[in-house]
Amino acid sequence: MPAELVAATHESIERAARLLRADELVAFPTETVYGLGGDATSETAVARIFAAKGRPRFNPLIVHVPGLADAETLAVFDERARIAARRFWPGPLSLVLPRRADSGLSLLASAGLDSVALRAPAHAVAQALLRAAGRPIAAPSANRSGRVSPTTAAHVAAEFGAADPHPPTAAAMGPPLARNAGEGARGHRPRAGEGLGLAMILDGGACPVGIESTVLDLTGPTPALLRPGGVTLEQLTEIFGHIETSPPDENTPRAPGRLPSHYAPGLPLRLDAVNARPGEALLAFGPKTPPSFAEMQCLSHTGDLAEAAANLFLMLRRLDRPEFTGIAVMPIPDEGLGRAINDRLRRAAAPRL
Ligand code: TXA
Ligand code: MG
């Protein structure tokens with residue numbers, strides 16, 4: 001069965017919650033990206049998430065809850081974790097904490113680790129869905145493993161297929177994902193109607209943050225940044241002082257989302273470009289854009305990093321078309337949200353495995 005694509009309303013959220021309680025998968029908006037949700041207490045639902053995404057089983061999922069009270073039933077919070085949750089929840093911060101023995105969470109959700117990543121999303125639709133479902137929801141980004149994260153419901157439909165009596169306009173969809181040699185090995189696109197086990201896509205519009213949550217590991221003595229995201233390193237440092245960070249290309253199983261090649265479009269990416277080469281499309285940043293590119297999308301004309309983050313995945317998808325030879329990306333300052341943007345761009349540019 002292809003997924004049903006519906007506007008998020010009180011009624012459709014209730015229906016989505018019933019599907020979740022029946023081990024079905026529902027894609028839903030969060031302030032960061034769309035999530036592919038399943039009941040985190042059900043091994044069946046969690047196994048379906050891994051299957052639908054084509055995700056390696058060593059890569060654990062983030063478990064979503066309405067807030068701190070629910071989170072404390074799933075993981076052991078120390079004072080640092082409570083401070084972080086009170087300051088940044090609901091919001092784009094995932095905390096990796098020791099999993100409680102009586103959490104009831106699927107072991108597969110944590111990929112067999114004795115920790116769990118928890119997040120309380122700020123998006124009103126996500127909050128309403130979590131409360132209606134009445135159980136923790138595991139939700140990775142709603143894209144096929146290794147590919148660009150979805151920031152609209154149409155992106156999710158493009159990844160997984162959907163049946164829709166009122167298809168979104170071409171403008172809302174953006175152009176289809178490129179199908180070229182680079183994509184062939186990894187980029188499975190379902191045929192219309194294939195559905196891949198996703199029951200429903202709740203459309204709540206474009207995600208305002210546009211880049212995934214920051215993953216902060218609080219299981220060790222020093223807080224460690226596993227993935228830069230919507231909460232900046234500067235904001236965390238202000239609270240915790242020193243934060244452990246590791247080189248972005250380090251490949252550790254501790255945060256498999258940091259695998260070198262990830263978030264990959266079909267076309268090759270060329271970073272820190274000052275000019276586009278013939279045939280290349282340009283992903284620009286700032287007021288000064290070089291001339292002579294085949295096509296351009298500008299992340300932010302004013303150089304605003306929050307605007308750039310919100311546009312990043314959408315514009316990568318728009319430029320990912322077979323008529324171009326590649327995507328040239330202008331330099332983006334490596335500070336604040338720029339760190340998360342550059343992290344995703346480096347992975348999108350990394351050699352494909
Ligand atoms: O913004 C987000 O975080 C989105 C929305 C849907 O909430 N979700 C998301 O999930 O980005 P996903 O599965 O694409 O990324 C989860 C990241 C991965 O890098 C994973 O390795 C890491 O979190 N992670 C999850 N559980 C972990 C754990 N127990 N220890 C270390 N890393 C963990
Ligand atoms: Mg992801």
Side-chain angles (χ1 to χ4, degrees), residues 25-38 40 46 49-50 52-65 74-76 88-99 103 105-123 125-127 129-130 136-151 155-156 159 202 204 207-220 223-231 246 248 251-264 309 312-313 340 343-344 347-348:
L25 305 187
V26 172
F28 63 97
T30 80
E31 73 279 24
T32 59
V33 300
Y34 274 73
L36 180 65
V46 171
I49 295 176
F50 279 90
K53 275 191 66 104
R55 179 173 176 120
R57 286 186 173 223
F58 60 77
N59 193 357
L61 307 177
I62 295 172
V63 174
H64 297 67
V65 289
L74 305 175
V76 181
F88 296 109
W89 282 3
L93 178 69
S94 296
L95 297 173
V96 176
L97 298 168
R99 195 181 139 104
S103 71
L105 291 172
S106 140
L107 279 175
L108 184 54
S110 288
L113 301 172
D114 52 14
S115 60
V116 61
L118 296 176
R119 169 163 119 80
H123 198 289
V125 173
Q127 278 286 331
L129 181 64
L130 289 170
I137 299 299
S141 50
N143 52 277
R144 301 271 303 157
S145 189
R147 301 198 49 86
V148 178
S149 302
T151 54
H155 296 164
V156 181
E159 292 279 321
L202 281 175
C207 302
V209 176
I211 204 153
E212 295 87 345
S213 64
T214 300
V215 181
L216 184 69
D217 185 351
L218 291 178
T219 58
L225 182 72
L226 299 186
R227 177 177 75 180
V231 167
S246 39
N251 180 2
T252 76
R254 200 168 161 201
R258 300 196 298 178
L259 292 174
S261 174
H262 214 84
Y263 312 100
L312 178 67
F313 291 136
D343 170 79
R344 305 308 188 268
R347 279 172 226 291

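We count ligands from 1, going down the list as the structure has it; atoms in each ligand are counted the same way.
- Annotation for ligand 1: atoms under 4.0 Å from non-hydrogen atoms of L61 are 25 (C), 26 (N).
- Taking each of P60, G37, S213 in turn, the one with a heavy atom nearest to atom 27 (C) of ligand 1 proves to be P60.
- Side-chain contact between T32 and P121 is absent, with no heavy atoms from C-beta onward closer than 4.5 Å.
- Taking only non-hydrogen atoms, the option from S141, G112, P29, G210 nearest to atom 9 (C) of ligand 1 is S141.
- Using a distance-only test at 3.5 Å, with no hydrogens or angles considered, a donor-acceptor pair links the side chain of Y34 to the main chain of G204.
- Side-chain atoms of R55 and N59 form a donor-acceptor pair, as typed in the model, at a separation below 3.5 Å.
- The backbone N or O of S115 lies less than 3.5 Å from a partner atom in the side chain of S110, making a donor-acceptor pair.
- Residue contacts with ligand 1: A139 is included, with a non-hydrogen atom under 4.0 Å away.
- Close contacts between ligand 1 and G35 involve ligand atoms 6 (C) [criterion: under 4.0 Å to a heavy atom].
- A heavy-atom distance below 4.5 Å is found between the side chains of V125 and L202.
- With R144 contributing its side chain and A52 its backbone, the two residues share a donor-acceptor pair below 3.5 Å.
- Ligand 1 is approached by S115 to a heavy-atom distance shorter than 4.0 Å.
- Atom numbering of ligand 1 starts at 1 in the shown order; those under 4.0 Å from a heavy atom of N59 are 18 (C), 20 (C), 21 (O).
- Counted by atom type alone, S149 and R344 present zero donor-acceptor pairs between their side chains at under 3.5 Å.
- Judged by distance alone, the side chains of R227 and S94 never bring a donor and an acceptor atom under 3.5 Å apart.
- Note on the Mg ion (ligand 2): protein N/O/S atoms under 2.8 Å are S141 OG.
- Among R99, R227, E212, H123, the residue whose heavy atom lies closest to atom 15 (O) of ligand 1 is R227.
- Those atoms of ligand 1 with a heavy atom of L226 less than 4.0 angstrom away are 31 (C), 32 (N).
- A donor-acceptor pair is defined here as one N or O able to donate and one able to accept, closer than 3.5 Å; no such pair exists between the side chain of T151 and the backbone of G210.
- Residue contacts with ligand 1: Y34 is placed with no nitrogen or oxygen under 3.5 Å of a nitrogen or oxygen of the ligand (distance criterion only).
- In R55, the part holding a heavy atom less than 4.0 Å from any atom of ligand 1 is the side chain.
- Using a 4.5 Å cut-off on side-chain heavy atoms (C-beta onward), F28 and I137 make contact.
- The shortest heavy-atom distance from H64 to ligand 1 is under 4.0 Å.
- A distance-only check finds no donor-acceptor pair linking the side chain of K53 to the backbone of A142 [under 3.5 Å].
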For this session: Just do the side-chain contact (heavy atoms from CB on, under 4.5 Å) check on V116 and L105 with the steps written out, would you?
Result: CA-CA 9 Å; V116 61; L105 291 172; 3.8 Å; yes
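- A salt bridge links R119 with E31: the distance from a Lys NZ or Arg NE/NH1/NH2 to an Asp or Glu carboxylate oxygen falls below 4.0 Å.
- Against a heavy-atom cut-off of under 4.0 Å, V215 is close to the following atoms of ligand 1: 23 (O).
- Taking every heavy atom of I62 and a limit of under 4.0 angstrom, the matching atoms of ligand 1 come to 3 (O), 9 (C), 10 (O), 16 (C), 23 (O).
- Listed by number with element, the atoms of ligand 1 under 4.0 Å from a non-hydrogen atom of T32 are 1 (O), 2 (C), 4 (C), 5 (C).
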